[in-house]
Number of protein chains: 2
Amino acid sequence: MNGKIFIIEDEPSIIQLVQHNLEKNGFIVSSSVNGNDGLKELKKFQPDLLLLDWMLPDLSGVEICKNIRKDTNYNNLPVIMLTAKGEEEDKIKGLDSGVDDYLTKPFSFNELMARIKAVLRRSNPNTVSDNLKFDDLMLDRIEKRVFRDDQEIKLGPTEFRLLEFFLTNPKRVYSRDQILESVWPNNVNVESRTIDVHIRRLRQSVNLKNKKELIRTVRSSGYSLI
Amino acid sequence: MNGKIFIIEDEPSIIQLVQHNLEKNGFIVSSSVNGNDGLKELKKFQPDLLLLDWMLPDLSGVEICKNIRKDTNYNNLPVIMLTAKGEEEDKIKGLDSGVDDYLTKPFSFNELMARIKAVLRRSNPNTVSDNLKFDDLMLDRIEKRVFRDDQEIKLGPTEFRLLEFFLTNPKRVYSRDQILESVWPNNVNVESRTIDVHIRRLRQSVNLKNKKELIRTVRSSGYSLI
DNA sequence: TTAATTTGTAACAAAATTGTAACATTTAAA
DNA sequence: TTTAAATGTTACAATTTTGTTACAAATTAA
């Protein structure tokens, strides 16, 4: 994951939280606490995405956004607007002003991350890699492909979701019930033994010859990656 | 185990006890002895969890909690409330104000630890590594693995549960009846001598060569770790 | 539509786990 | 020392759990 993100937001605690976490995720981040400074610094910083607070001490988020859209260099810059609760009615205006997405405070960082990825993917696909890796295995959620080392592995839909699920917490042992809940569509009733068969299919696909076993059976508990 | 815990509590002896033990368990800990300071410092400290005394010299725990919930940055902060005996009737109010759990003083540190883990696990699964350790033994409940020093020990399901049980209170001697109740599924009838056999199996697995005996027989009482 | 793929389940095979009985050894008391 | 009780050890059959295969139904692609 790489890319540059600029934040215009006047609450230092939000800046701190978001900036820190974004940097941990490989982004380069810079920020301003008001609109006028923000507009100037933004143009120096040349971000791939802008996080913009709705309420700012000087300019409003919408004004900033319109300003940006006028500038031919930035009229394509993806913008995610941060609005506080109770400003719901304004959302539509916000979107009209050329915002790509909006997020209502309070939000979890995961939620923000998901929006950022989604927006970046649309505007600039190369900025986002949405891959899960474990050992020599790599799963690409965007292209829905799986590789072991560099060899592609063809998986059926259920096998893919199953592996995807395990990869979100490799090594962790999941019971058949947990797997059912997370991998199968809700309110579908399948027997828990069905999982065994899918595990077998996944193993067969994933364990290319001369590769070590990747799926561990934990008797009376479930399965995990290993 | 890692994560940051903030404590707001006016009894120095409790702070000392809890802080010391939490730090021994790998947490980063900071604290305040009153509500107003606490609210300020808390925001600097950015904890993953808050231990909050019910009765404080200035603000009450509930007021603090409501205050926190209003702040978009902390409205998800897990809070465990500490109440003194005789305030039982207030418990419900406490929970209504957005507390995740409460604990009645006096409490054992183990009890507190268990609550902390449970709450953290819900809110922020990666903060908690759910390992039980004793001497050179380590049991990982998530991955369902056991190590002695760094050598992995393979255990059957019952052996695992048995060891897990002993590890929750190492050194404590458990009778065969207590072991049966806690380790075997309810309403299963097995002879108490069966435990002896499982102890033997566990010993065989756990006592790698040139390692000292870990399971002590207490004649006419039961078994314990040692 | 037909063909191909995917899916869930049943049925059987293989493997691991479990409880108990039987006998051996240790311990403590007489 | 002798004896009785408690625990250690071993072997084994029964049970439980998982692996594997085949197949029909359902879904998707051609």
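Numbers restart at 1 for each chain; the letters A, B, ... are given by sequence-line order, proteins then strands.
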Taking the side chain of [X] as heavy atoms from C-beta outward, which of [options] is closest to it?
X: Arg201(B); options: dT9(C), dT16(D), dT20(C); result: dT20(C)
X: Glu191(A); options: dT9(C), dG19(C), dT20(C); result: dT9(C)
X: Arg203(B); options: dG19(D), dG8(D), dG19(C); result: dG8(D)
X: Val197(B); options: dT20(C), dT20(D), dA10(C); result: dT20(C)

[X] side-chain N/O to [N] phosphate OP1/OP2 under 4.0 Å:
X: Arg193(A); N: dA11(C); answer: no
X: Ser220(B); N: dA6(D); answer: no
X: Arg176(A); N: dT18(D); answer: yes
X: Tyr223(B); N: dG8(D); answer: yes
X: Trp184(B); N: dG19(C); answer: yes

Figure out the [atom1]/[atom2] separation between [X] and [N], and round it to whole Å.
X: Asp196(A); N: dA10(C); atom1: CG; atom2: C1'; answer: 13 Å
X: Leu202(B); N: dG8(D); atom1: CG; atom2: C1'; answer: 15 Å
X: Glu213(B); N: dT9(D); atom1: CD; atom2: C1'; answer: 14 Å
X: Arg161(B); N: dT17(C); atom1: CZ; atom2: P; answer: 12 Å
X: Leu155(A); N: dT5(C); atom1: CG; atom2: C1'; answer: 14 Å
X: Glu159(B); N: dG19(C); atom1: CD; atom2: P; answer: 12 Å
X: Ile179(B); N: dT7(D); atom1: CD1; atom2: P; answer: 11 Å
X: Ile195(B); N: dG19(C); atom1: CD1; atom2: P; answer: 10 Å

For the side-chain contact (heavy atoms from CB on, under 4.5 Å) test, which of Asn207(B), Asp136(B), Asp135(B) pairs with Lys212(B)? Asp135(B)
How about Phe134(B) and Phe166(B): are their ring centres within less than 6.0 Å of each other? no
dT17(D) base to Arg219(A) side chain: any donor-acceptor pair below 3.5 Å? yes
Between Val218(A) and Ile199(B), which residue's closest nucleotide on DNA chain D lies nearer the 5′ terminus? Ile199(B)
If you look at every strand shown and take non-hydrogen atoms under 4.0 Å, does Thr194(A) touch a base, only sugar-phosphate, or nothing? base
Output for pair (Arg161(A) CZ, Leu202(A) CG), nearest 0.5 Å, gives 12.0 Å
Do the ring planes of Trp184(B) and His198(B) sit parallel (below 30°), tilted (30 to 60°) or perpendicular (above 60°)? perpendicular
Just checking, is any N or O donor in the side chain of Thr217(A) or Arg203(A) under 3.5 Å from an acceptor N or O on the other one? yes
